[in-house]
Structures are given as structure tokens and as C-alpha cells.
Asker: 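Handing you a structure now.
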Protein chains: 2
Amino acid sequence: MTDEPRYAVEATETSLAVLETLVDAEGTVGVTALADHVGVSKSVAHNHLSTLRAAGYVIKRGEQYDASLRTLTLGERTRAGIDVHDAAKRKLDNLAAATGETTTLFVLEEDAGVPVYVAEADDGWSPPFVEGERLPLHVNAPGKSILSSLSADRIDAILERTDLIAPTDATTTDPDELVRELRRIRDDGIAFCRGEQYEGVVGVAAPLPEIDGSRIAALGVCGPVDRLNGRYLEEDITGQVLSTTKSVQVDLTAD
Amino acid sequence: MTDEPRYAVEATETSLAVLETLVDAEGTVGVTALADHVGVSKSVAHNHLSTLRAAGYVIKRGEQYDASLRTLTLGERTRAGIDVHDAAKRKLDNLAAATGETTTLFVLEEDAGVPVYVAEADDGWSPPFVEGERLPLHVNAPGKSILSSLSADRIDAILERTDLIAPTDATTTDPDELVRELRRIRDDGIAFCRGEQYEGVVGVAAPLPEIDGSRIAALGVCGPVDRLNGRYLEEDITGQVLSTTKSVQVDLTAD
DNA sequence: CGAGCCGTTCTTCAGAGCAGAACGGATAAA
DNA sequence: TTTATCCGTTCTGCTCTGAAGAACGGCTCG
């Protein structure tokens, strides 16, 4: 997984650190502050900034630097290559409108679940998912859906490599218990998450298995437990998640 | 603008070329093909791939490489720092739903207009805008809105640095004529674009001037000329664009 | 069975890229 | 007004990175 590269390119690591610092900074950053933050000399920081600027990923406002909007294109171009996203986006918007809750599309990547699209709830609130950020598979409904759709061998391999961290008290950290739950999820075709990632947030999700070359994914709804509960959650919402998933699957098979 | 950096970091340029190649590639790419494409030796390509992989921006599927979804986070984190985006996103969704057409938020960056958010039309069609891609300001309605809201000095400076390319026959390439049009746009508070960027595509946009630290932006609707025309375009759609813009402005001032 | 590909590793050496010093303009303090 | 400081940029010289190309080993196809 994280085998250190034998011949790493240090300059690349520095440039990425510079770029990430700028992306996370509020407003612009000066050369000196940036050099301190990244841990290189001022001249080196300056060289990397100029290079990133020539490439278009960094802009200069006065004497200060900032990440440019070009950073968006990398992600958008990557997202454009994901067929599940194209098939699901609009349906997730509709599902969000119909339920008033946040809807998400997660994709499997390197033993992790990655939100690729998040349609926000009516009230604008949604869990602090950052699209593209890898999340452990065992802490949320889409992640568990994805896991449940894999072969037993693959589940074991992933669980072996994964540290079953517990963001809340509700998180399942026992592999055997998790495997039992995954079996139930596979039988039901639907996964629930009750505060396992964030206190008070529940989720429902259904797997979207691989369809000739598309990625293994899952589609879900999540929101506060005081709105999502009881029969409304387990029948109404669940039904809508299942029918949306079905419809995305049909579209994917059609192409 | 494009003054070559005096001490460019070549390794960074190579890594970015590698990453962009992967992002634009359909599916995965092998080391040899990638090395050829970027113009470096196989071992160098391999070193950069390993480094980018360790940083999380590249993943390996079997013996092939691909851009990872992590590329999304750079853009999303940048976007999260743009207050105009947060204020306008939901309203652009609503405007798209109300009109059935594509709505966009453009922001000024380095003499160019950059789409930061695009809400697609009902029929799923939208101009081939890639979020984050810089577009000339004189070819579309949001760009012209942005220009019109600047001071005369600043307009002159930008026009001097800009090559007034003409994607279609309808594009205005004469600076004087453009300045006259910008004056009209400033007086009306609304800009139109009639096939100046893409044949058969018209646009309406209104400027969203700088509000304490927010970026200079514009908000627009665009779609095919056979749907958007006549009084429907000039009164109905235009009115909705103006009221949405007003509402975003109010929200921005409120914070 | 062997020829050819492809990803990975190794080795060697030029020069890329590092740190630190020096420059120069701007701003603040005396 | 003068002086001190700070910050972005440029310069310089040394070192070790990162480049190329060859070699390795596994795989596939003829």
C-alpha cells in the first residue's frame, strides 16, 4: 500500500506540499511564510512557486501567492472519466430534491470509499465530505455497501490491510462482527449506518456493482437521525434509494 | 504574464506532465506509453509515477497507472475558499431548474473568465465548459459582464494583454467596438452573447462586482438559440438572471 | 521453446536544485 | 528625514538528486 518509492522525486514532493499549502490556506500566502510551512529555504519555495505559476496552478496577487482555479480542472477531468458519475449525477440531484436530504455517490479506490458526488440537502447541511477524500469503508453506509458487494476473499484482504478505526462509539471495530453485518447487507441489498462516522448522522446506501469496466460504487442518502428514522427511513427512504440505484444500473447497462 | 521562471524546477514540470497525461487518458496507462508521451525515459516516468502514487494522486491498477480521485480534493478545497461560489451555488441550481437551461458562475482570474460552477440544463446538454478552465473574457456573456464591471484602465490593460481570438464569425475582435459594447453592458447591467463562442449558443449574464474581498464574478444562463430568443430571452430570462444576481449580492453583503 | 514486451531495478555521472548570502524596494519607527 | 526591518527576488557555489540507459525477470504469443 504505502511502500515508499525506491527512487522518489523529492522536488515533486516539495511542489505538491507547496500546492497543498496554498490550496488549504485562506487567502494568499507570502514566500517566507510558505517556505517556513513547507520547511524549505525561501529561494526554493520561490522556485517552486514560479514553476507552478508557469504551469498555471498558482497565481500571484500582488506579492502574494494563491492556488489558481486550474486545480479544479484536474479533478473535473478525472471525474469526467467516471461513467458511474455521469449516469448517477442527475438522479442523485432528483433524489436529494425528493427527500430533502444529502445524497452521495461513493466509489471504491484503493481499499477506501471516495465520495465522487455529493448533492446537498435542502437546508444546505451535509456531512463534511470532501469529494475525492478517501474514507474508511467500514464507517458509513455506502462504504459497507461497497464492501458487501465484493467477494469474500477480497473483503478479507481489505479488512486485513485496513485499520478499523472508530470515529464514534457506534463504529463496528470487530472484523468478525463486520463480516456478519456485511453478509446481512448483501442479502438485503441495502446498508444502514447509524452514527458510525458522525454522531447523530444516519445513512442508507445500496451497492452499484461493477458493470463492464465501470467502478464499484454505492449510492446513498444521509441526514440527521431526528429526521431519518423509523418506518420513514426503513421503508420510504430505503425504497427510493433502491429504485434510484436500479435505474442507474439500467442506464449503465444500456450504454 | 508568461514570463518564464528564472530557476524552474524541471522535475515538477515533468510530474505535472505525467499527472495531466493520466488525467486526460481514458482508462489506465502503462509506463512505456506514458514515458513516450511525456518525452522522458522509462525509468524517469516510473520514478515520477511512484512519487505521485505515494502522494496519493496516482493509483496503480495491476501494472497500469491512472490518476486517482484525490485530484478532486485539490479543486474542491480551492472551490471551498471562494465565497461567491458558496453564496451562488444553490441559487444557480434553482435558476437552472426554473429555466430548464444551463446556468453558470464565472470568476475573474488572470485576465480570463473561469467557470467555477455549472448547473446543467434539463436535457443534460451544456456548452463544453470545464470548471477551472480559463476562457477569454470577450467571447461569452459572463466574461463581458466581468469586463464591463472593471475600471476603464483595467479594461484597457486586459485588452492590451489579450489576443482577441474569434471562435466564430460572430465574435467581436475589434477592441474599440468591444469597449463600446462594454459601455452598453455597464449601463444596462446585463450582457448578451449570441453565438460568439459556440455557434447557435446564446447567453445572458449579469456582473457580480467585488464585495469586500470576494472575487469579481458573473452569473449567467446559456442555451441553444432556438429556445432562447425574442422577448422570452430579453425579458423573462434576463429578469430572472438579474433577480438571482441581486439575491446573491444581498447574501454576500450580509455575511 | 524462444523472441519480444513491459514494468521494475541498478548504476553511473552531469547538472539540477538546494541553502545561504546579497540585493533592492517598501514600509515602519526614530 | 533618516534608519532599521522585512519581504520578495536574484545570485552563487557545492552536493547529491534525478536523469539516461542498460540489465533483470515475468509474462504472453508465435
Side-chain angles (χ1 to χ4, degrees), chain A residues 1-68 109-110, chain B residues 1-68 109-110:
Chain A
M1 184 93 269
T2 354
D3 30 24
E4 277 304 297
R6 229 164 283 266
Y7 303 97
V9 183
E10 240 168 63
T12 295
E13 291 171 351
T14 305
S15 276
L16 289 176
V18 167
L19 189 56
E20 289 183 359
T21 304
L22 291 179
V23 161
D24 288 332
E26 310 245 326
T28 59
V29 180
V31 175
T32 308
L34 192 121
D36 285 351
H37 194 273
V38 175
V40 294
S41 69
K42 235 177 7 164
S43 59
V44 169
H46 186 261
N47 291 346
H48 284 269
L49 284 169
S50 316
T51 307
L52 288 169
R53 192 159 97 92
Y57 292 100
V58 161
I59 57 167
K60 210 174 153 180
R61 264 195 271 280
E63 288 202 325
Q64 301 271 96
Y65 292 85
D66 198 358
S68 95
E109 182 172 278
E110 304 239 290
Chain B
M1 186 92 269
T2 355
D3 30 24
E4 275 305 296
R6 229 165 283 267
Y7 303 96
V9 184
E10 240 169 62
T12 296
E13 291 171 351
T14 305
S15 276
L16 289 176
V18 167
L19 190 55
E20 289 183 359
T21 305
L22 290 179
V23 161
D24 287 333
E26 313 245 325
T28 60
V29 181
V31 174
T32 308
L34 191 122
D36 285 352
H37 194 273
V38 175
V40 294
S41 68
K42 235 180 2 165
S43 58
V44 169
H46 186 261
N47 291 346
H48 283 268
L49 284 169
S50 315
T51 307
L52 288 169
R53 190 159 98 94
Y57 292 100
V58 161
I59 57 168
K60 210 174 154 180
R61 265 196 270 279
E63 290 202 322
Q64 302 271 96
Y65 291 86
D66 197 357
S68 96
E109 181 172 281
E110 304 240 290

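Just so we're on the same page: letters track the sequence lines, and every chain starts at 1.
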Asker: Of the nucleotides C:dT8, D:dG21, C:dC18, which has the atom closest to the B:His46 side chain?
Answerer: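 Side chain of B:His46 sits closest to C:dT8.
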
Asker: Check whether any side-chain N or O of A:Gln64 sits under 4.0 Å from OP1 or OP2 of D:dG8, and answer yes or no.
Answerer: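 So the side-chain polar atoms of A:Gln64 do come within 4.0 Å of the phosphate oxygens OP1 or OP2 of D:dG8, strictly under.
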
Asker: Using atom CD of B:Glu10 as one end and atom P of D:dA19 as the other, report the distance to the nearest whole Å.
Answerer: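 B:Glu10 atom CD is separated from D:dA19 atom P by 8 Å.
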
Asker: Taking for each residue the nucleotide of DNA chain D bearing the nearest heavy atom, is the 5' side occupied by A:Ala33 or by A:Thr12?
Answerer: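 The residue whose closest nucleotide sits nearer the 5' end is A:Ala33.
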
Asker: Which nucleotide, C:dC18, D:dG8, C:dG7, lies nearest any side-chain atom of B:Glu63?
Answerer: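 The listed nucleotide nearest to B:Glu63's side chain is C:dG7.
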
Asker: Does A:Tyr65 place a side-chain N or O at less than 4.0 Å from the phosphate oxygens OP1/OP2 of D:dC7?
Answerer: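 No, because none of the side-chain N or O atoms of A:Tyr65 sits under 4.0 Å from OP1 or OP2 of D:dC7.
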
Asker: Heavy atoms only, 4.0 Å cut-off, all strands: where does B:Ser43 land among base, sugar-phosphate and nothing?
Answerer: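 B:Ser43: base contact, heavy atoms under 4.0 Å.
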
Asker: If you compare all heavy atoms of A:Tyr57 against all heavy atoms of A:Leu19, which two are closest, and at what distance to 0.1 Å?
Answerer: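 Here A:Tyr57 and A:Leu19 meet closest at O-CD1, 3.8 Å.
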
Asker: Taking atom OG1 of A:Thr21 and atom CG of A:Leu16, what is their separation to the nearest 0.5 Å?
Answerer: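 Between A:Thr21 OG1 and A:Leu16 CG, I get 10.5 Å after rounding to 0.5 Å.
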
Asker: What is the distance, rounded to the nearest whole Å, between atom CG of A:Asp36 and atom P of D:dG8?
Answerer: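 My rounded result for the distance is 10 Å.
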
Asker: For residues B:Thr12 and A:Ser15, report the shortest heavy-atom separation together with the two atoms involved.
Answerer: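 In terms of heavy atoms, the two residues are closest at OG1-OG, 2.5 Å.
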
Asker: How long is the span from the CZ atom in B:Arg61 to the OG atom in B:Ser68, to the nearest 0.5 Å?
Answerer: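 So the CZ of B:Arg61 and the OG of B:Ser68 are separated by 9.5 Å.
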
Asker: DNA chain D: A:Gly30 or B:Lys42, which has the more 5' nearest nucleotide?
Answerer: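 Nearest nucleotide further toward 5': that of A:Gly30.
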
Asker: Quick one: A:Lys60 NZ to D:dC7 C1', roughly how many Å, whole number?
Answerer: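 About 12 Å, once rounded to whole Å.
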
Asker: Do the side-chain N or O atoms of B:His48 get closer than 4.0 angstrom to the phosphate oxygens (OP1, OP2) of D:dA19?
Answerer: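 Answer yes for this pair, as a side-chain N or O of B:His48 is under 4.0 Å from OP1 or OP2.
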
Asker: Could you tell me whether B:Ser41 contacts a base, only the sugar-phosphate backbone, or nothing, with contacts defined as non-hydrogen atoms closer than 4.0 Å?
Answerer: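 Base: the residue B:Ser41, judged by heavy atoms under 4.0 Å, touches a nucleobase.
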
Asker: In whole Å, what is the span from the CG atom of B:Leu34 to the C1' atom of C:dC6?
Answerer: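 From B:Leu34 CG to C:dC6 C1': 14 Å.
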
Asker: Say you draw a straight line from NE2 of B:His46 to CG of B:Leu34; how long is it, rounded to the nearest 0.5 Å?
Answerer: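 Spacing of NE2 (B:His46) from CG (B:Leu34) equals 11.5 Å.
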
Asker: Nearest-Å distance, CG (B:Asn47) to P (C:dT8)?
Answerer: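 Computing the B:Asn47:CG to C:dT8:P distance gives 11 Å.
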
Asker: How many whole angstroms separate atom CD of B:Glu13 from atom C1' of D:dA19?
Answerer: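 For the pair B:Glu13 CD and D:dA19 C1', the rounded distance is 15 Å.
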
Asker: Output the single nucleotide from D:dT9, D:dA19, D:dG18 whose closest atom is nearest the side chain of A:Ala11.
Answerer: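 Of the options given, the side chain of A:Ala11 lies nearest D:dG18.
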
Asker: Picking from C:dG7, D:dA20, C:dG17, which would you name as closest to the side chain of B:Val40?
Answerer: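 From the listed options, D:dA20 comes nearest.
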
